[in-house]
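In what follows, chains carry the letters A, B, and so on, assigned in the order in which the sequence lines appear, proteins first and then strands, with residues in each chain numbered from 1.
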Protein chains: 2
Amino acid sequence: MLDDEYRYKILKELQQDPNMSQRALAKRLEISLGKTNYCLNALIEKGMIKADNFKNSTNKMGYLYLLTPKGIEEKIALTQRFLQRKLKEHETLEKEIEQLRQEVKT
Amino acid sequence: MLDDEYRYKILKELQQDPNMSQRALAKRLEISLGKTNYCLNALIEKGMIKADNFKNSTNKMGYLYLLTPKGIEEKIALTQRFLQRKLKEHETLEKEIEQLRQEVKT
DNA sequence: TTATCATCGTTCACCAATTGAACACCCTCC
DNA sequence: GGAGGGTGTTCAATTGGTGAACGATGATAA
């Protein structure tokens, strides 16, 4: 459940916008709230993310999910690993498409 | 469970080699025997495939899973739909890769 | 013939992953 | 105080997928 993909995506989204509820995160990643909560807590557990309780100046209260230095490093590593995987997928996909085109010709 | 992908793949494999056990099919598609059985029966139910009981000349008995005319048509339609989807995926993937490359630069 | 072995399709109890309604809590505003 | 809207957390329920086990059938050996 805690595969690279979601670890990467969560770190990415939170780095970009640490002020983001778990619900917003869930919507963005197109996964359930429960799964989001599970993955996020795992990242916190591992010291990748620090959850800061904080109050917005005017209105609502909320959390800030900030990447720790370790989290930032991890995110970089994951990005590279993720890119490699995507490149492999890309290669595979192109072969598949070529094959499908051949098939359509017939 | 009976998504386009497996319908397409099953029709393709069986068109190519109608003499193929469900176990062999399962291995080829990298899905479980149970799922293979379920999908295949659904295709039979819909009249896409006809299961002929038949005896091999020399040794074993087995089934022939032959595509019906309707099945052949369906397979063509699925191939095209599948190709379209793969092209979309391809586009998406390239964007993702580009984005990842940008990110790695930083 | 009978027994054994291999292979077939079918079944279904089991496991893992995922979901989201429900809950407790906090804050603001009336 | 109470209503309303936002939090994160929980967990019963559903879903999807698995493959061992089963009965049937034909080939093969005794």
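- The separation between N37(B) atom CG and dT10(C) atom P is 5 Å, rounded to whole Å.
- Considering only the side chain of Y63(A), dT7(D) comes nearest among dT7(D), dG9(C), dT19(C).
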Discussion item. E103(A) vs K75(B), test: salt bridge (charged side-chain N to carboxylate O under 4.0 Å, His left out). Steps then yes/no.
Written reply: CA-CA 10 Å; E103(A) 213 176 306; K75(B) 193 214 148 201; 3.1 Å; yes
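- For Y65(A) and dG8(D), the shortest distance from a side-chain N or O to OP1 or OP2 is below 4.0 Å.
- OP1 or OP2 of dT7(D) has not a single side-chain nitrogen or oxygen of Q22(A) nearer than 4.0 Å.
- Ranking dG8(D), dT19(C), dG17(D) by closeness to the K35(B) side chain, first place goes to dG17(D).
- Distance check: M20(B) CE to L40(B) CG gives 11.5 Å after rounding to the nearest 0.5 Å.
- Rounded to an integer number of Å, the gap from L43(B) CG to dG9(C) P is 15 Å.
- For the 3.5 Å distance criterion, the side chains of E98(B) and Q102(B) qualify, holding a donor opposite an acceptor.
- Relative to the side chain of N41(B), the nucleotides dT7(D), dT19(C), dT10(C) differ in distance, and dT10(C) lies closest.
- For Y38(A) and dC11(D), the OH to P distance is 15 Å, given to the nearest whole Å.
- Distance from the side chain of S32(A) is smallest to dT19(C) among dT7(D), dT19(C), dT18(D).
- Judged by distance alone, with hydrogens and angles left aside, R23(B) brings a side-chain donor or acceptor within reach of the base of dG9(C), the pair sitting under 3.5 Å.
- Under 3.5 Å, the side chains of Y65(B) and Q22(B) contain a donor-acceptor pair of N or O atoms.
- Note on S21(A): a side-chain N or O is less than 4.0 Å away from OP1 or OP2 of dT7(D).
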